[in-house]
Every structure is written in structure tokens, then in C-alpha cells.
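One-based numbering along the sequence shown.
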Amino acid sequence: MSQHFLLSAKARTLSLATVLRMTDKDAETLFASLRWAETGGKPVCPHCGCPTCYEARRPSGALRFRCKACRKDFSLTSGTLFAFHKLPLQTYLAAVAIFSNEVKGKSALALSRDLDVQYKTAFVLAHKLREAMATEMKGMRVGGDGEVVEVDGAYFGGYIKPANHKENRRDRRLVRNQNGKRQVVVVMRERGGRTLPAVFKSEGAALGFIASRVGKGTLIQADEASSWNDLQGRFAMERIDHGHLYSTQTGTYTNGAEEFFSRMRRAEIGHHHHIAGVYLTRYAQEAAWREDYRRGSNGALVRSMVGLALGTPPSVDFCGYWQRSAKSAKSAVL
């Protein structure tokens with residue numbers, strides 16, 4: 001039996017000890033090289049786009065740049081997800097390294113202990129990283145001519161505790177006995193390609209989204225659920241009844257989608273324990289990103305995640321006085 005990738009030396013290209021030993025200059029150089037990769041790490045003004053900028057450090061030693069065109073000052077993180085940061089850059093690199101090293105997810109409480117920060121700080125930082133992951137999925141389409149896309153759904157949240165006495169218990173599968181918080185994560189997984197999740201109130205509500213994100217000429221494979229019946233008028237489909245078998249000899253199965261839900265369910269049970277409904281989309285997007293890059297080294301994952309965060313504007317959910325705002329992760333759209 002071949003060795004699992006995560007057990008091989010190729011999976012370990014960056015250690016947390018290496019990140020913690022970085023000097024301020026090392027961290028600044030890394031952030032600059034990732035943010036302005038097209039100019040070789042040379043700063044570009046985020047206000048006017050001018051490439052002629054020079055270093056103008058504060059008396060405290062904080063790195064700032066000044067644009068010769070508009071004369072505005074900016075930092076390495078201005079206009080990014082890490083804008084207005086108060087923690088050292090090494091702490092952000094350590095947070096990304098810890099977050100990347102986890103296979104199925106990292107709880108905010110554990111992250112707060114590792115970084116010695118408040119739980120709220122770790123919670124917001126983790127969600128900003130999830131928002132960075134989600135930028136790869138905006139407008140993404142899967143499938144195409146000759147491609148196979150597996151479609152499936154799994155329900156999360158809305159747990160109803162059974163009554164103590166047997167005579168008071170109700171069938172929790174019925175809609176009238178539910179609390180309305182239960183949502184379904186619908187995933188479209190291209191075989192040998194990318195994973196695209198989305199959250200809906202029911203599987204039937206996802207049909208329009210699926211039709212808009214799956215390319216023409218795609219063969220969709222799904223289970224026997226009646227929710228997917230209407231897709232047969234738009235796509236070539238193959239169905240499999242899980243009550244009889246999980247895969248056919250002709251290659252009809254939804255094992256890839258099931259693997260995604262298995263890992264996401266493990267993340268919910270083993271790490272997060274509870275996922276609030278307004279944040280379910282973000283957790284699903286994180287699970288999809290981890291699924292797609294599970295064969296990448298931890299060093300490559302760290303660089304990719306930092307690059308995404310530095311290429312993403314300030315958070316739509318956690319920026320400014322977000323504690324007092326009515327906004328939530330419901331604003332997260334694909």
C-alpha cells in the first residue's frame with residue numbers, strides 16, 4: 001500500500017517554528033512578495049495604482065510607503081483583509097500556518113490559545129481566512145463537454161432535542177416538528193476538478209443555482225432523491241439508488257460528493273461542535289477549499305492563503321463595528 005500524502009515529506013515544507021523565528025524584516029519581505037508578486041515585491045499604491053512609491057517608516061518602526069503621485073501613505077495590508085491590523089505580521093503568518101496545517105478545520109477557541117489572543121480576535125481572523133478562500137469560488141463554473149459533475153446535498157443545523165418522556169416525543173423529520181433553522185449544503189463536485197458548495201433551505205431550491213454554475217454538455221450524476229428530477233430536462237443525468245448500491249460498474253456514483261460531506265461533518269463534530277446558520281456558507285466554502293487543495297504541501301497552502309487574503313478587499317462581514325451591525329455572513333455570495 002502506498003504512503004498517504006499527508007504522511008510524506010512532500011507535505012511538510014513549512015514548520016510553525018520557521019514562521020515564529022522570522023524577523024520583522026523577513027515577514028515584511030514575504031508579505032510584499034505575495035501582495036505585489038507582479039512587480040517582484042515592489043510596492044504599488046492601492047489608492048491610485050502608481051508603482052513609484054518609497055519607504056516612509058514611522059518613528060515607531062512601523063513600515064509605511066508613500067506614493068509619489070497622490071502623496072498618500074499606505075502599509076503592506078492597506079486595502080486587504082488584514083487592513084487596520086493591530087497584531088504583528090508574524091502573528092498573522094503563524095495564524096495562517098496553524099489554520100492551514102489542520103486537515104478538517106481549526107476551532108476559534110484552539111486558535112485563540114495558540115496565538116494568545118481573545119476568542120473574538122481568533123474568531124474574526126478565522127472567518128477572514130474563510131472569506132479569502134471563498135474568493136476563488138465567486139463566479140466559478142464546473143463541468144463542461146465530456147465532464148462529470150456529482151451533485152448531492154446534506155443538512156446541517158436546526159437540531160431538535162428529543163423530549164425526555166417517550167409519549168412526548170415527535171417525529172423530528174416532519175417539517176411541523178422542526179424549528180426552521182435546518183439548512184442544506186448542496187455541493188457540485190467535478191470529477192477530477194473543483195468543488196463548489198452553496199447553502200439553501202431545501203435541495204429543490206438549489207436547481208436554478210446548479211443550472212447556472214454547471215457547464216453545458218456536462219453529465220450530472222446524483223442519487224435517487226426526487227429533488228434532482230427537474231435537472232433531467234437540462235442535463236444528461238445518471239442516477240443511483242443508494243438503497244441498493246453505492247456505485248455501478250459503469251462508473252455511476254456520488255462518492256466524491258459524499259467524501260466532501262464526510263470531512264465537513266467531521267469538522268463540525270470534531271472541531272466546531274456547532275455551526276451557526278448565518279456562517280454555514282463560509283464553513284462549506286472552507287471545506288471545499290481544503291478538499292480541492294488536500295494534496296498541496298503546507299508551505300504552498302500558507303502562501304496561497306496569504307496571497308488570497310492580500311488580494312481581497314476589507315471584509316464584507318467583519319470590518320469596522322461589525323459587532324453592532326445587522327450584517328452577517330448572509331451577505332456572502334458566490
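Inspection of the Asn255 and Arg189 side chains reveals no N or O donor paired with an N or O acceptor under 3.5 Å. Using modelled atom types, one finds a donor on one side chain and an acceptor on the other under 3.5 Å when comparing Thr195 with Asp292. If you check the side chains of Thr77 and Thr80, you find no donor sitting under 3.5 Å from an acceptor.
For the pair Arg290 and Phe99, the distance from NZ or CZ to the six-membered ring centre is under 6.0 Å and the angle to the ring normal is within 45 degrees.
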Trp228 and Asp152: side-chain hydrogen bond (donor to acceptor under 3.5 Å, both in side chains), yes or no, with the steps? CA-CA 9 Å; Trp228 316 124; Asp152 201 3; 4.8 Å; no
Phe156 vs His274, test: ring-ring contact (aromatic ring centres under 6.0 Å, His included). Steps then yes/no. CA-CA 9 Å; Phe156 291 82; His274 170 72; over 10 Å; no
Glu131/Lys128 under salt bridge (Lys or Arg N to Asp or Glu O under 4.0 Å): CA gap, chis, key distance, verdict: CA-CA 5 Å; Glu131 188 174 335; Lys128 285 184 177 181; over 6 Å; no
Applying side-chain contact (heavy atoms from CB on, under 4.5 Å) to Gln221 and Leu219, what does each step give before you reach the verdict? CA-CA 7 Å; Gln221 295 186 352; Leu219 172 63; 4.0 Å; yes
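Not counting sequence neighbours, the partners of Phe74 by the ring pair (Phe, Tyr, Trp, His ring centres under 6.0 Å) test are Phe65. Every residue meeting the side chain to side chain contact (heavy atoms under 4.5 Å, CB included) condition with Leu30, not counting sequence neighbours, appears here in chain and number order: Met22, Ser33, Leu34, Leu93, Arg303. For Tyr155, there are no ring pair (Phe, Tyr, Trp, His ring centres under 6.0 Å) partners, not counting sequence neighbours.
To the nearest 0.5 angstrom, Arg58 atom CZ is 9.5 Å from Leu63 atom CG. Distance check, rounded to the nearest 0.5 Å: CZ of Phe31 to OG of Ser75 gives 10.5 Å. In this structure, CE on Met188 lies 11.5 Å from OG1 on Thr218, to the nearest 0.5 angstrom.
Thr254 places none of its side-chain heavy atoms less than 4.5 Å from the side chain of Val151. Put simply, the side chain of Gln90 reaches to within 4.5 Å of the side chain of Asp24, judged on heavy atoms. You'll find the side chain of Lys106 reaches within 4.5 Å of the side chain of Asp114, heavy atoms only.
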